[in-house]
**Student:** 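Below is one structure. I have some questions about it.
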Amino acid sequence: MLLARLAHVSQEVAATSARSRKIALLAELFRDAEADDVPIVIPYLAGRLPQGRLGVGWKVLSRPVAPAGEPSLAVREVDALLSELGKVSGTGSQAERARMVGELMGAATEDEQRYLLGLLTGEVRQGALDAVAVEGLAQATEAPPADVRRAVMLAGSLQTVAQALLADGPAALDRFRLTVGRPVLPMLAHSASSVAEAVDKLGACAVEEKLDGIRVQVHRDGDSVRIYTRTLDDITDRLPELTAAALELNGRRFILDGEVISFGADGRPRSFQETAGRVGSRVDVATAAETVPVSPVFFDALSVDDRDLLDLPFAERHAELARLVPEPMRVRRALVSGPQDVAEAERFLAVTLERGHEGVVVKGLDAAYSAGRRGASWLKVKPVHTLDLVVLAAEWGHGRRTGKLSNLHLGARTADGTFAMLGKTFKGMTDAMLTWQTERLQELATDTNGHVVTVRPELVVEIAYDGLQRSTRYPAGVTLRFARVVRYREDKRPEEADTVETLLAAHPEVKP
DNA sequence: TTCCGACAGTGGGGTCGCAAT
DNA sequence: ATTGCGACCCCACTATCGGAA
């Protein structure tokens with residue numbers, strides 16, 4: 001397949017907002033693709049390079065190269081060239097890379113150049129990622145979309161399924177079954193604003209602890225154990241404790257879903273930063289395991305003794321889990337029969353927070369495991385904190401926010417009357433707010449050079465956040481976790497904004 | 001030789017707008 | 001009305017690599 005074809009389709013997909021049209025365009029593309037093109041076409045469509053970042057910066061890319069008149073580049077050819085480019089390192093490598101980029105660009109037409117530039121800088125935004133590609137693929141191969149979707153979840157990769165489908169047709173889908181040793185995309189949760197709302201929606205449910213750690217999928221096949229993350233990375237070697245724990249369970253073949261987290265000597269959960277740091281350590285695992293030991297806490301069973309449990313109701317999956325996993329290695333939970341029992345659910349949330357955990361996940365007892373999706377039957381509930389902060393600066397947005405001041409720099413008052421930056425946010429703004437703040441902030445601007453617009457600290461904004469965490473980046477030594485805008489407080493003056501002092505007092509467990 | 005800064009890649013995430021149902 | 005998806009970008013952490021000390 002020619003790169004020109006891909007560039008053209010990408011442009012068309014970006015130009016329409018209709019999902020059905022995007023799907024039809026991708027279907028047409030897939031019909032013309034050979035199976036061998038798939039490992040390249042799929043990531044390209046999502047705006048990713050299979051090689052990852054290549055260390056080619058703006059300096060090299062902004063150098064103009066005369067475009068070719070006729071399209072001749074094949075996607076496989078481009079991929080091979082970029083792979084070569086990724087391998088170039090050492091002395092003089094920058095110049096050599098620049099030369100190679102120049103050569104590639106010289107062989108590309110104007111449209112292709114634009115597309116390549118987007119790919120290399122990560123600027124391809126066409127409103128079609130995996131989910132849309134799945135639909136397109138189903139349409140192209142005349143396979144039922146639901147079957148394709150399920151195969152992708154079981155394979156953990158659209159690419160694998162696409163290759164099989166294009167090579168062998170819909171019959172190939174049968175090959176994708178839940179198999180121990182082959183990770184499945186995990187089910188994710190939606191948010192609810194209160195336990196009452198969640199229980200109202202779900203009826204009979206389990207209210208489970210939400211632990212602030214790293215999601216893991218644990219596969220055991222006899223004496224062999226493999227551990228995967230949410231994105232299906234194999235992290236077995238980093239977590240020897242989990243392998244040991246899995247081997248202790250009284251089952252020989254299973255797939256379990258859970259969270260890995262580190263508890264301190266006092267039995268309370270360590271901060272997310274500590275757990276994540278430990279799980280991220282791979283060079284000296286033995287030392288890391290000694291300083292920050294981790295434990296698995298399971299909450300679901302996907303397969304036991306080669307029985308696929310995905311379509312069973314949660315209540316039955318949990319019964320299997322309970323047979324296999326002793327109580328201390330399972331998340332704590334409370335069973336709630338429905339809205340009339342909401343007080344019980346609220347009590348459980350209070351106790352869970354008291355234990356130092358993040359919140360709860362409310363799960364419908366009847367629901368199947370929706371691998372790879374944000375199932376409506378899992379609802380997380382976490383307490384939300386709010387603060388009144390002052391806007392110190394804002395950054396120009398990209399994509400659909402081009403021309404709008406988007407990312408806000410947030411400051412809290414300090415003892416001497418100045419403001420200490422606590423972090424940034426771009427979340428929670430409606431289009432109307434974006435328009436309004438772009439205008440208002442430009443009136444307050446003191447420095448409009450570059451992509452950060454500094455403003456007089458006069459505008460007060462109410463910010464919701466999930467918690468405080470330590471920071472080496474910000475002056476107060478702390479930053480907000482998951483900050484988002486609630487509303488502007490034009491009724492408040494900056495002198496009335498919250499202070500660093502009160503913020504720290506509200507989170508005594510966080511030491512700056 | 002060792003140190004340091006820049007960067008890539010991992011983990012965690014909420015809310016809005018639009019299309020489709 | 002509700003749901004699903006993509007876009008908008010944040011934070012911290014670890015690892016690696018090239019150039020400075």
Side-chain angles (χ1 to χ4, degrees), chain A residues 13-14 16-23 46-49 51-57 86 89-94 122 124-135 149 188-191 193 201 210-216 229-233 235 238 259-261 271-285 288 292 358 370 372-376 380 382 384 395-402 404 406-410 422-434 463-474 478-486:
Chain A
V13 167
T16 175
S17 60
R19 256 170 65 87
S20 49
R21 176 81 186 125
K22 289 180 198 280
I23 290 166
R48 285 191 316 267
L49 294 171
Q51 293 86 359
R53 291 290 199 175
L54 290 171
V56 183
S89 64
T91 324
S93 64
Q94 283 298 27
V124 174
R125 290 181 185 83
Q126 56 196 18
L129 295 176
D130 277 11
V132 175
V134 164
E135 298 287 331
R149 209 176 300 127
L188 306 173
H190 275 293
S191 293
S193 54
K201 274 194 181 155
K210 185 176 193 309
L211 308 182
D212 199 4
I214 307 287
R215 185 80 175 268
V216 284
T229 63
R230 197 155 94 81
T231 51
L232 312 190
D233 265 9
I235 54 166
R238 301 184 221 164
E259 193 89 0
V260 57
I261 186 168
S271 73
F272 173 76
Q273 282 168 306
E274 289 174 281
T275 297
R278 160 63 209 278
V279 175
S281 301
R282 43 201 158 168
V283 173
D284 186 359
V285 172
V292 186
E358 233 195 323
S370 336
R373 329 197 80 182
R374 278 193 194 283
K380 54 184 162 188
K382 294 187 280 185
V384 175
E395 296 172 19
W396 291 106
H398 296 90
R400 66 183 300 276
R401 292 193 180 185
T402 302
K404 294 285 191 307
S406 171
N407 205 5
L408 303 179
H409 295 201
L410 306 168
L422 286 179
K424 310 180 191 179
T425 186
F426 60 94
K427 293 174 181 149
M429 299 146 187
T430 61
D431 286 2
M433 273 166 98
L434 281 165
I463 297 294
Y465 65 104
D466 276 19
L468 205 59
Q469 57 187 344
R470 247 210 305 262
S471 169
T472 53
R473 179 177 309 207
Y474 293 112
V478 291
T479 187
L480 305 178
R481 204 165 169 208
F482 312 137
R484 61 263 188 195
V485 172
V486 180

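In what follows, every chain begins at residue 1, and chains take the letters A, B, ... in the order their sequences are listed.
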**Student:** Strictly below 4.0 Å: does A:Arg19 bring a side-chain N or O up to OP1 or OP2 of B:dA20?
**Tutor:**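 So the side chain of A:Arg19 is outside the cut-off, no N or O lying under 4.0 Å from OP1 or OP2 of B:dA20.
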**Student:** Measure CG/A:Leu211 against C1'/B:dG11 and give the value in whole Å, please.
**Tutor:**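 Result: 16 Å.
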**Student:** Within the structure shown, what part of the strands sits under 4.0 Å from A:Ala276 by heavy-atom distance: base, sugar-phosphate, or nothing?
**Tutor:**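 Since no nucleic acid heavy atom lies under 4.0 Å of A:Ala276, the category is nothing.
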**Student:** Choosing from B:dA19, C:dG6, C:dC8, which nucleotide comes nearest the side chain of A:Ala131?
**Tutor:**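 For A:Ala131, the side-chain atoms sit closest to C:dG6.
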**Student:** Assign A:Tyr474 to base, sugar-phosphate, or nothing according to its heavy-atom contacts below 4.0 angstrom with the strands shown.
**Tutor:**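 A:Tyr474: backbone/sugar contact only, no base atoms under 4.0 Å.
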**Student:** Please report the distance separating the P of B:dG11 from the corresponding atom of C:dC8, rounded so that it comes out in whole Å.
**Tutor:**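 Approximately 22 Å lies between the P atom of B:dG11 and that of C:dC8.
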**Student:** Can you tell me how far C1' of B:dA8 sits from CZ of A:Arg282, to the nearest Å?
**Tutor:**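 One finds 10 Å between C1' of B:dA8 and CZ of A:Arg282, rounded.
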**Student:** Using a cut-off of 6.0 Å, state whether more than 12 heavy atoms not belonging to A:Arg215 lie near its atom CZ.
**Tutor:**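 Check passes, neighbour count above 12.
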**Student:** Measure from CE on A:Met433 to P on B:dC16 and round the result to the nearest Å.
**Tutor:**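 In whole Å, B:dC16 P and A:Met433 CE are 9 Å from each other.
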**Student:** Taking only side-chain nitrogens and oxygens of A:Lys22, does any of them come within less than 4.0 Å of OP1 or OP2 of B:dA20?
**Tutor:**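 Result: no.
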**Student:** Looking at A:His398, does any N or O in its side chain come under 4.0 Å of the phosphate oxygens OP1/OP2 on C:dA7?
**Tutor:**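 No, outside the criterion.
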**Student:** When the distance from CG of A:Asp130 to P of C:dC5 is rounded to whole Å, what number comes out?
**Tutor:**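 Rounded to whole Å, this separation is 11 Å.
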**Student:** Less than 4.0 angstrom between a side-chain N/O of A:Arg230 and OP1 or OP2 of B:dG12, yes or no?
**Tutor:**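 A:Arg230 to B:dG12 OP1/OP2: side-chain N or O found under 4.0 Å.
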**Student:** So, applying salt bridge (Lys or Arg N to Asp or Glu O under 4.0 Å) with A:Asp466, which one of A:Arg481, A:Lys382, A:Lys380 is it?
**Tutor:**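 Only one of A:Arg481, A:Lys382, A:Lys380 forms a salt bridge (Lys or Arg N to Asp or Glu O under 4.0 Å) with A:Asp466, namely A:Lys382.
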**Student:** Side chain of A:Phe426, heavy atoms from C-beta onward: which of B:dG11, C:dA12, B:dG13 has the nearest atom to it?
**Tutor:**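 Between B:dG11, C:dA12, B:dG13, the one nearest the side chain of A:Phe426 would be B:dG13.
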**Student:** On DNA chain C, does the nearest nucleotide to A:Asp284 precede the nearest nucleotide to A:Ser471 from the 5' side, or the other way round? Give the residue.
**Tutor:**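 First, find each residue's nearest nucleotide; the 5'-ward one identifies A:Ser471.
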**Student:** With a 4.0 Å cut-off on heavy atoms, is A:Thr425 in touch with a base, just the backbone sugar-phosphate, or nothing at all?
**Tutor:**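 Nothing: the residue A:Thr425, judged by heavy atoms under 4.0 Å, touches no strand.
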**Student:** Between C:dC8, C:dC11, B:dG17, which nucleotide gets closest to the side-chain atoms of A:Gln469?
**Tutor:**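 Nearest nucleotide to the side chain: C:dC11.
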**Student:** Return yes if some donor-acceptor pair links the side-chain N/O of A:Thr425 with the main-chain N/O of A:Ala483 below 3.5 Å, else return no.
**Tutor:**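 Flag set: sc A:Thr425 to bb A:Ala483 pair under 3.5 Å.
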**Student:** Can any side-chain N or O of A:Thr16 pair as donor or acceptor with the backbone N or O of A:Val13 at less than 3.5 Å?
**Tutor:**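 Answer holds: no.
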**Student:** Mapping A:Thr430 and A:Arg21 onto DNA chain B by nearest heavy atom, which one lands closer to the 5' end?
**Tutor:**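 Between the two, 5'-proximity favours A:Thr430.
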**Student:** Less than 4.0 angstrom between a side-chain N/O of A:Gln273 and OP1 or OP2 of C:dA12, yes or no?
**Tutor:**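 Checking A:Gln273 against C:dA12: no side-chain N or O falls below 4.0 Å of OP1 or OP2.
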**Student:** Hey, is the side chain of A:Arg473 poking within less than 4.0 Å of OP1 or OP2 on C:dA12, counting only N and O atoms?
**Tutor:**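 Yes, within the criterion.
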**Student:** Would you please confirm or rule out a distance under 4.0 Å between OP1 or OP2 of B:dA20 and any side-chain N or O of A:Ser20?
**Tutor:**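 True: A:Ser20 side-chain N/O within range (under 4.0 Å) of B:dA20 OP1/OP2.
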**Student:** Taking for each residue the nucleotide of DNA chain C bearing the nearest heavy atom, is the 5' side occupied by A:Gly277 or by A:Gly423?
**Tutor:**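 Looking at the nearest nucleotide for each, A:Gly423 comes out on the 5' side.
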**Student:** Counting just side-chain N and O atoms, does A:Asn407 come under 4.0 Å of either OP1 or OP2 of C:dC10?
**Tutor:**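 Result: yes.
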**Student:** Please classify the nucleic acid contact of A:Lys404 as base, sugar-phosphate, or nothing, using heavy-atom distances under 4.0 Å.
**Tutor:**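 Answer is nothing: A:Lys404 stays at 4.0 Å or more from every strand.
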**Student:** With a 3.5 angstrom cut-off on both distances, give the Watson-Crick or G-U wobble partner of C:dC8, or none if there isn't one.
**Tutor:**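 By the stated definition (distances under 3.5 Å), B:dG14 pairs with C:dC8.
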**Student:** Between C:dC9, B:dG13, C:dC11, which one does the side chain of A:Lys424 approach most closely?
**Tutor:**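 When the side chain of A:Lys424 is considered, C:dC11 is the closest of C:dC9, B:dG13, C:dC11.
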**Student:** For a quick check of understanding: with a heavy-atom distance under 4.0 Å over all strands, which category does A:Lys201 fall into, base, sugar-phosphate or nothing?
**Tutor:**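 Here A:Lys201 touches no strand at all.
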**Student:** Of the nucleotides B:dG17, C:dA12, B:dG11, which has the atom closest to the A:Ile214 side chain?
**Tutor:**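 The closest nucleotide is B:dG11.
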**Student:** Using a cut-off of less than 4.0 Å, is there contact between a side-chain N or O of A:Ser281 and OP1 or OP2 of C:dC13?
**Tutor:**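 Checking C:dC13 against A:Ser281, no side-chain N or O comes under 4.0 Å of OP1 or OP2.
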**Student:** Using atom types as modelled and distance alone, determine if a side-chain donor or acceptor of A:Gln273 lies under 3.5 Å from a backbone N or O of A:Arg470.
**Tutor:**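 Checking the backbone N and O of A:Arg470 against the side chain of A:Gln273, a donor-acceptor pair under 3.5 Å is found.
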**Student:** Would one find a side-chain N or O of A:Thr229 under 4.0 angstrom from OP1 or OP2 of B:dG11?
**Tutor:**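 Indeed, a polar side-chain atom of A:Thr229 lies that close.
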**Student:** Kindly compute the distance separating CD (A:Gln469) from OH (A:Tyr474), expressed to the nearest 0.5 Å.
**Tutor:**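 Interatomic distance, A:Gln469 CD to A:Tyr474 OH, rounded to 0.5 Å: 10.5 Å.
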**Student:** What contact category does A:Asp233 fall into here, base, sugar-phosphate, or nothing, at under 4.0 angstrom with non-hydrogen atoms?
**Tutor:**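 Sugar-phosphate: the residue A:Asp233, judged by heavy atoms under 4.0 Å, touches backbone atoms but no base.
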**Student:** Mind checking if A:Lys427 touches a base, just sugar-phosphate, or nothing, with heavy atoms under 4.0 Å?
**Tutor:**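 Result for A:Lys427 = base.
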**Student:** Just the rounded figure in Å: distance from P of C:dC13 to CD of A:Glu274.
**Tutor:**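 From A:Glu274 CD to C:dC13 P: 10 Å.
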**Student:** Determine the interatomic distance between P on B:dG12 and the same-named atom on C:dC9; round to the nearest Å.
**Tutor:**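 About 22 Å, rounded to a whole number of Å.
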**Student:** Between A:Phe482 and A:Ala18, just flag the one whose closest nucleotide in DNA chain B comes earlier from the 5' side.
**Tutor:**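 Result of the comparison: A:Phe482.
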**Student:** Under a 4.5 Å cut-off applied to non-hydrogen side-chain atoms, are A:Arg278 and A:Ile214 in contact?
**Tutor:**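 Of all side-chain heavy-atom pairs linking A:Ile214 with A:Arg278, none is under 4.5 Å.
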**Student:** Do A:His409 and A:Glu395 have side-chain heavy atoms sitting under 4.5 Å apart?
**Tutor:**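 With C-beta onward as the side chain, the pair touches.
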**Student:** When we call it a touch if two heavy atoms are under 4.0 Å apart, what does A:Val283 touch: a base, just sugar-phosphate, or nothing?
**Tutor:**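 Counting heavy atoms under 4.0 Å across all strands, the contact made by A:Val283 is with sugar-phosphate only.
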**Student:** Round to a whole Å and report the spacing from OH of A:Tyr465 to C1' of C:dA12.
**Tutor:**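 Distance, rounded to whole Å: 18 Å.
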**Student:** Provide, to the nearest angstrom, the distance between the CE atom belonging to A:Met429 and the C1' atom belonging to B:dC16.
**Tutor:**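 Whole-Å distance recorded here is 11 Å.
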**Student:** Can you tell me the distance, in whole Å, between the CZ atom of A:Arg215 and the C1' atom of B:dG13?
**Tutor:**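 Going from CZ in A:Arg215 over to C1' in B:dG13 covers 14 Å.
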